[in-house]
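In the text below, chain A, chain B and the rest are named by the order of the sequence lines, each starting its count at 1. For the numbers below, each heavy atom of this structure counts, side chains included, while hydrogens, waters and symmetry mates do not.
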Amino acid sequence: MIELFKLFGFILLALIALVFIRAIKGPTAIDRLICVNIIGTKSIVLLVFMGIIFKRLDMFVDIAIGYGLLNFIASIAAAKFYQHNKTLRPESGDDS
Amino acid sequence: MNIIIIVLISLGLFFFFGTAVGMLRLPDFYTRSHAAGKGDTLSTALILLGCALFIMHEGHYSGASILVFLKLMSIIVFVFIGSPTASHAFIDAGYETGEKQWSNKKQAKKKP
Amino acid sequence: MKELLIANYNYVVVVLIMMIGLWGMLALKNIIKKCIAMAIFQTGIILFYISNIFI
Amino acid sequence: MIWQFDVILLTLVLVCAVISLSIRDLMASAIVFGAYSFLMCLVWTGMGAVDVAFTEAAVGAGVSTVFFVATIYRTTRQSNYKRKDLFIRSFSAVVVSVVALALFAVIADFPYWGDPFSPVNDYVGSYYITHTMAHSNVPNVVTSVLADYRGFDTMFETCVVFVACIGIYAILRRRKKQAKAEDTAVKHVAHDSLIIRVASQIMVPFMQLFALYVVAHGHHSPGGGFQGGVVLGASVILLALAFNVKTTLKYLSEKSMIAYSAIGVLIFAGTGLLCMFLGGNFLDYSVLSQILPYTDEVMARSHAMLIVEIGVALTVMSAMYGIYLSLATDGHFDQGL
């Protein structure tokens, strides 16, 4: 059964890499914001998988809760930035 | 019991696969965040439910595993409250900065 | 040489992260970019400490 | 650590670092830096360093992204790139590659991946691991080393956090008369969406409860004064984000912020002095057993560690809050992010 969780962990990592491509390619900053939010929530799941594989989940669960809360705050702060500052794309436009 | 756990986690992974493909293929900012917001929370909830059941089953329903079960449930509740709100904030920010909706340009050229 | 690279892949990554941080601090003119580079440099060092004592 | 996980995660971390520095839009690089520190915490949890991972998650992903966003909000959005920069970039690239080659040469004789007899594990570490339970029956060795064996350094780290908060506050704070009406390129549209406000109303009490839980159970599992303080500060910052800064100032005013950070350091140094009054040397907690009711030497140390953790949490919480306020409102303490 533990071997199965390793497999699940691999699949999850592959999917995170997929989302990561969108984070690299994303034209505007807000697309990257969504990708970072997804990677944040998925890192909670990966953390729980690691806890199960190491059979010490009672320690890892506390950090997973911490991750969930802090990811929420970072996303809200970044999103609220655009309320006031209206420029979405910086003047020169292209991202190096 | 193992079957339920495997089914739950593979369902969660499947939905997350849908989200990932949605993020890559969908053309516009709004459609992408639409896919991200929903798929993300659902897949997290399913996978964490599967892990919680596995812990309960593994720990033979002892006191410690119930505590871990409740903590995993609290994570699910937080993600259920937090992630849609964050998606709302993103779309609101996108709308504020005048992000254009995606119009199917190919049809537009063919029709006139 | 190749098996050495695989055996302690961790140290290779530590050196690369520290170099990225160092390059960022030197080359980039924007202060915020320099702060980000400094933070990357710091996490590289912490990664070095931890990858030494992992059993 | 599962070897394969580690490799994949580390390559992702490397890619994240490169992107974060190469993006021209400051906002995007701050966001990608948040993702970088999240992935970095996964690597550390994989390697078993659980306290460090929690701290990095709390500080790196949570709070520093908020601080970067607050600074970008007040300054320009755009890091422009001129011709002559190319010389500096290529020159520093040469310097960095020379240093990299030197380091790569050294890699060969680092202790191999995870061998127990490497010099690091043999001498100092093993002493503390074996003796912690005997000295102060605190299972979490990290907390006992942090608060008890090197209590002196932790006290000065708390002072450093306090000084950082006061420094930023002193630099940015503008009195009423100096605050001339500068042209705000940013339109102050007070548009606080209801959904974020309601969601954070639900989330904040649980976050503060969780933060106190993290501070309290630092003895048994990961967490402790610093991580709990950061999560506590982050919950107050969430309040300041959801509502405008004025309502949060009513909740935790500017003066009380400074007072709390001072009280935190006072608690830490106070317990040290208390031990001196009772005859022990500066931070020798075992002497406290005389005043703490029916505790022997060992229990006194673990209780004293808890008191010290509370002091650290107080300082860190008010420092995070103070830094956020100074940055987001650019010193006026009125209209924040």
Trainee: Which region of C:Leu47, side chain (C-beta onward) or backbone (N, CA, C, O), has a non-hydrogen atom less than 4.5 Å from a non-hydrogen atom of chain D, or is it both or neither?
Mentor: both
Trainee: Any side-chain heavy atom of C:Ile17 sitting closer than 4.5 Å to one from D:Tyr36?
Mentor: yes
Trainee: Please examine the side chains of C:Ile20 and D:Leu14, heavy atoms only from C-beta on, and report whether any two atoms are closer than 4.5 Å.
Mentor: yes
Trainee: By a 4.5 Å heavy-atom criterion (distance strictly below it), what part of C:Ile36 contacts chain D: side chain, backbone, both, or neither?
Mentor: both
Trainee: Is D:Thr11 in contact with chain C via its backbone, its side chain, both, or neither, using a 4.5 Å heavy-atom distance?
Mentor: both
Trainee: Could you list the residues that satisfy side chain to side chain donor-acceptor pair (under 3.5 Å) with D:Ser37, not counting sequence neighbours?
Mentor: none
Trainee: Of all of C:Leu26, C:Leu22, C:Thr43, which one pairs up most often with chain D through heavy atoms under 4.5 Å apart?
Mentor: C:Thr43
Trainee: Distance check, rounded to the nearest 0.5 Å: D:Met40 atom CE versus C:Gln42 atom CD?
Mentor: 10.0 Å
Trainee: Please report the interatomic distance OG(D:Ser29) to CG(C:Leu28), rounded to the nearest 0.5 Å.
Mentor: 9.5 Å
Trainee: Only distances under 3.5 Å count here; give the side-chain donor-acceptor pairs of residues 91-106 of chain D to other protein atoms, sequence neighbours excluded, each with its distance to 0.1 Å.
Mentor:
from: D:Ser92; atom 1: OG; to: D:Ile88; atom 2: O; distance (Å): 2.8
from: D:Ser92; atom 1: OG; to: D:Arg89; atom 2: O; distance (Å): 2.9
from: D:Ser97; atom 1: OG; to: D:Ala93; atom 2: O; distance (Å): 3.0
from: D:Ser97; atom 1: OG; to: D:Val94; atom 2: O; distance (Å): 2.6

Trainee: Got a second to check how far C:Lys33's NZ is from D:Ile23's CD1, nearest 0.5 Å?
Mentor: 7.5 Å
Trainee: Check step by step if side chain to side chain contact (heavy atoms under 4.5 Å, CB included) holds for C:Val13 and D:Val13.
Mentor: CA-CA 9 Å; C:Val13 172; D:Val13 158; 5.6 Å; no
